[in-house]
Amino acid sequence: KQEVTQIPAALSVPEGENLVLNCSFTDSAIYNLQWFRQDPGKGLTSLLLIQSSQREQTSGRLNASLDKSSGRSTLYIAASQPGDSATYLCAVKADSWGKLQFGAGTQVVVTP
Amino acid sequence: ETGVTQTPRHLVMGMTNKKSLKCEQHLGHNAMYWYKQSAKKPLELMFVYSLEERVENNSVPSRFSPECPNSSHLFLHLHTLQPEDSALYLCASSNDGGPYEQYFGPGTRLTVT
């Protein structure tokens with residue numbers, strides 16, 4: 001059974017520092033991995049999708065890498081801002097029906 | 001309206017009530033999902049519909065009953081719920097033929113009293 005782990009559970013950084021968020025999964029047979037952002041009490045916003053054949057994806061200040069063989073993905077957020085404060089979730093698609101297996105998330109606080 | 005919308009945004013119901021949650025996607029997708037998010041727990045997939053056919057029922061109690069009348073609309077009918085069913089219920093959609101990126105609605109915050 002696929003298990004997804006995100007460490008740390010919470011992270012606080014001063015504004016301007018780079019953020020590094022980790023996601024690990026136990027079964028390397030995945031279709032893709034998706035990173036989401038969730039603000040308190042709100043839905044999820046998709047940030048990046050990495051297909052299983054890709055090593056990384058970039059969007060603005062965000063960069064996500066994928067190493068299937070070691071079961072890891074890392075989300076980098078450059079030059080963090082207070083508006084980046086949120087919970088970040090990773091999820092892997094492990095079957096053909098679109099089922100996503102989620103990690104518990106990393107809660108990020110960026111202090112001014 | 002754009003993206004994925006959900007109504008109502010907040011719902012308080014007693015254990016003997018019957019209510020329904022509604023989800024609508026405006027993205028031309030052909031797959032829709034219901035997720036449950038409880039405090040301090042990872043998101044749990046409840047149901048998956050692909051081309052209006054239910055393809056996954058993740059051991060969800062029968063007091064939750066999904067309905068997908070067409071590829072743009074998804075409902076979750078609720079009856080005789082328990083207090084532990086209080087949670088944020090999220091709807092999502094994607095394109096089953098790829099690229100499989102899931103888009104989420106804002107959720108319905110459900111409180112069962």
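On a predicted model such as this, the values are computed, not experimentally measured, just so you know. Residue numbers start from 1 in every chain, and the chains themselves are labelled A, B, ... in the order their sequence lines are given, proteins ahead of strands.
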Next item on the list: Could you please state which residues from residues 65-85 of chain B sit under 4.5 angstrom from chain A, measuring non-hydrogen atom to non-hydrogen atom, sorted by number, or 'none'?
Entry: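 So far as heavy atoms go, nothing in residues 65-85 of chain B approaches chain A to under 4.5 Å.
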Counting only heavy atoms closer than 4.5 Å, note whether [X] contacts chain A via side chain, backbone, both or neither.
X       : answer
B:Leu88 : side chain
B:Ser50 : side chain
B:Gln37 : side chain

Checklist line | Interface residue of largest heavy-atom contact number with chain B, from A:Val4, A:Leu44, A:Asp39, under 4.5 Å | finding: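 Most heavy-atom pairs under 4.5 Å with chain B: A:Leu44.
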Answer with yes or no whether the hydrophobic clustering places [X] together with [Y]; edges join I, L, V, M, F, W, Y residues whose side-chain heavy atoms lie under 4.5 Å apart.
X       : Y       : result
A:Leu89 : A:Leu48 : no
A:Ile77 : A:Leu66 : yes
B:Val4  : B:Leu11 : no
B:Val48 : A:Ile30 : no
B:Leu43 : A:Ile7  : no

Can you name the nearest heavy-atom pair linking [X] to [Y], along with the distance?
X        : Y       : answer
A:Leu100 : B:Tyr35 : CB-OH, 3.6 Å
B:Arg109 : A:Gly41 : NH2-CA, 4.2 Å
A:Gly103 : B:Pro42 : O-CB, 3.9 Å

Non-hydrogen atoms of chain B under 4.5 Å away: do they reach the side chain of [X], the backbone, both or neither?
X       : answer
A:Gln38 : side chain
A:Phe36 : side chain
A:Lys99 : both

Margin query: Using 0.5 Å steps for rounding, measure from the OH atom of B:Tyr103 to the OG atom of A:Ser46.
Written below: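 Rounded to the nearest 0.5 Å, the OH-OG separation comes out at 6.0 Å.
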Notebook entry, point to check: Once you round to the nearest 0.5 Å, how far does OG of B:Ser94 lie from NZ of A:Lys93?
Noted result: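 The OG atom of B:Ser94 sits 7.5 Å away from the NZ atom of A:Lys93.
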Notebook entry, point to check: Is it true that a side-chain atom of A:Gln34 and a backbone atom of B:Gln102 form a donor plus acceptor pair closer than 3.5 Å?
Noted result: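 Checked: pair present.
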